[in-house]
Amino acid sequence: MRYMTAGESHGPEEVAIIEGIPAGLHLTAEMINEQLHRRQVGYGRGARQKIEQDEVILMAGVRHQMTLGSPIALNVHNRDHNNWADIMDPNQPATPENSTRRVQRPRPGHADLVGGIKYGHQDDLRNVLERSSARETVMRVAVGAVAKALLAEVGVDVHGFVANIGPVYTDMTQLEGMADLEAVRKQSEQFETRTLDAETDAKMRELIDQTKQDRDTVGGTVEVIATGVPVGLGSYVSADAKLDSQIAQALMSINAFKGVAFGEGFAMQASFGSQVMDEIYWDAERGFYRGSNHLGGFEGGMTTGEPIVVKGLVKPIPTLYRPMQSVDIQSHEVNRASIERSDTTAVPTAAVIAEAMVAIKLAEAMLDKFDSDQVARFKVQVAEYRQAVKEF
Ligand code: EPS
């Protein structure tokens, strides 16, 4: 399975093509739209989300709600394009009238300056920011929804929520009282901050309101958990076969992500070996299993069969309404950075995007290991493999 996306933030459309999804997967626009809707919900987002009501169009690869095994083409219209039709018109040459709203003072922390230097966009850094915008993640979530549908066929569930926003932390011990990932989902999806309880949600919203008032932005950490993952996805034999490294790359590729850690992550730097290894047990019912999951479901780049637990650190958004120092790319005069409409925080949304990226990597790994032509055969092979693992 592989995919590619295209689309500028205020351009006409966002698109994705996915190749390698087996034939016979039940897939509807509603299944994808449900995830697109989740991506749009998030306390701290700006005015753009009031304009967009993301809905996918299934352009190819699906017939009568079933995948055909052919490439799946997905399309989401940018409603805001109506407000940018001239400025983002692909068909007209540039004129003074359609080249307004130029960006010439790069925002520190955004792709503006380096992208402009790299691609030679000295006239207008909009040519960079339109694609480097996190608007692109709408298609990642659409692709992730397809991956999640495939994973659900074999009992793999993936969910993302928020571990902290700025100095306000979710009490993660609450997870211990939750029976399964569905319970975590039910709990966190109640809150626009995607934390796990009402008290923390209130504190996070207060922090975001204050940050907005200060014309600043705030980052945080998201956590993704995947359950039902079979033992032995990925491999220790080559650097690029290690599935945890692939997931780390996938999360780092999301806008504003600056760090990834599995299990107890960076807390392990201050621990002893006896505190972080997950002891091995066996019983006839389950086969091999672990008494704990400090390592977050990976050993040697392979899944252990315990839940995958991965955190992603999201830096504060670089577009500030109280802009920092910059330099005009044409006059080279010192000036404040350009202000573009933006969000105060996108951490609650980032949880949904991170979830999609983990789902994509797990679906890829499953399709590498098991039949990728037909969903029915894929399911049989996964079931046989699970049985063989149990009998080891
Ligand atoms: C973004 C800036 C904002 C966000 C956008 C990401 O866009 P605009 O400038 O149009 O208000 O809303 O995110 C989305 C459009 C989206 O759908 O997630 C940026 O600079 O990255």
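Heavy-atom basis, side chains included; hydrogens, waters and symmetry copies ignored.
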[X] atom [atom1], over 12 foreign heavy atoms within 6.0 Å:
{"X": "K369", "atom1": "NZ", "answer": "yes"}
{"X": "E34", "atom1": "CD", "answer": "no"}
{"X": "I87", "atom1": "CD1", "answer": "yes"}
{"X": "M59", "atom1": "CE", "answer": "no"}
{"X": "H37", "atom1": "NE2", "answer": "no"}
{"X": "Q174", "atom1": "CD", "answer": "yes"}
{"X": "M252", "atom1": "CE", "answer": "yes"}
{"X": "Q387", "atom1": "CD", "answer": "yes"}

Donor-acceptor contact below 3.5 Å, side chain [X] vs main chain [Y]:
{"X": "T217", "Y": "I317", "result": "yes"}
{"X": "Q122", "Y": "I329", "result": "yes"}
{"X": "N335", "Y": "V327", "result": "no"}
{"X": "N98", "Y": "P93", "result": "yes"}
{"X": "D343", "Y": "A346", "result": "no"}
{"X": "S99", "Y": "P96", "result": "no"}

Using every non-hydrogen atom in the two residues, find where [X] and [Y] come nearest and quote the distance to one decimal.
{"X": "V218", "Y": "T345", "answer": "O-OG1, 2.8 Å"}
{"X": "A239", "Y": "S245", "answer": "O-OG, 3.7 Å"}
{"X": "R140", "Y": "A250", "answer": "NH1-O, 4.2 Å"}
{"X": "Q381", "Y": "D371", "answer": "OE1-N, 2.7 Å"}
{"X": "L207", "Y": "I165", "answer": "CD2-O, 3.3 Å"}

Measuring from atom [atom1] of [X] to atom [atom2] of [Y], what distance do you get when rounded to the nearest 0.5 angstrom?
{"X": "S9", "Y": "M88", "atom1": "OG", "atom2": "CE", "value": "8.0 Å"}
{"X": "D368", "Y": "S235", "atom1": "CG", "atom2": "OG", "value": "11.5 Å"}
{"X": "K186", "Y": "L196", "atom1": "NZ", "atom2": "CG", "value": "15.0 Å"}
{"X": "D171", "Y": "N164", "atom1": "CG", "atom2": "CG", "value": "13.0 Å"}
{"X": "D244", "Y": "E299", "atom1": "CG", "atom2": "CD", "value": "10.5 Å"}
{"X": "T67", "Y": "L150", "atom1": "OG1", "atom2": "CG", "value": "8.5 Å"}

Are [X] and [Y] in one and the same hydrophobic cluster, where Ile, Leu, Val, Met, Phe, Trp and Tyr link if side-chain heavy atoms are under 4.5 Å apart?
{"X": "V156", "Y": "Y385", "answer": "yes"}
{"X": "L68", "Y": "M1", "answer": "no"}
{"X": "F392", "Y": "I280", "answer": "yes"}

N78 vs E14, side-chain hydrogen bond (donor to acceptor under 3.5 Å, both in side chains): CA-CA, chis, key distance, verdict: CA-CA 7 Å; N78 286 321; E14 302 289 329; 3.1 Å; yes
All side-chain contact (heavy atoms from CB on, under 4.5 Å) counterparts of A60, not counting sequence neighbours: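 A60 satisfies side-chain contact (heavy atoms from CB on, under 4.5 Å) with A73 once adjacent residues are dropped.
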Residues D201 and R205 bridged, charged N to O under 4.0 Å: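 A salt bridge is present here (some side-chain N lies under 4.0 Å from a carboxylate O).
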Lys/Arg N to Asp/Glu carboxylate O, R290 vs E306, below 4.0 Å: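 No salt bridge links R290 with E306.
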Worked verdict on Q210 versus D214 for side-chain hydrogen bond (donor to acceptor under 3.5 Å, both in side chains): CA-CA 6 Å; Q210 185 59 50; D214 295 343; 3.1 Å; yes
Taking C-beta and beyond as the side chain, do [X] and [Y] meet within less than 4.5 Å on heavy atoms?
{"X": "R194", "Y": "R38", "answer": "yes"}
{"X": "M357", "Y": "S253", "answer": "yes"}
{"X": "V260", "Y": "K311", "answer": "no"}

Within the 6.0 Å centroid threshold, strictly below: Y281 and F288: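 That pair fails the under 6.0 Å test.
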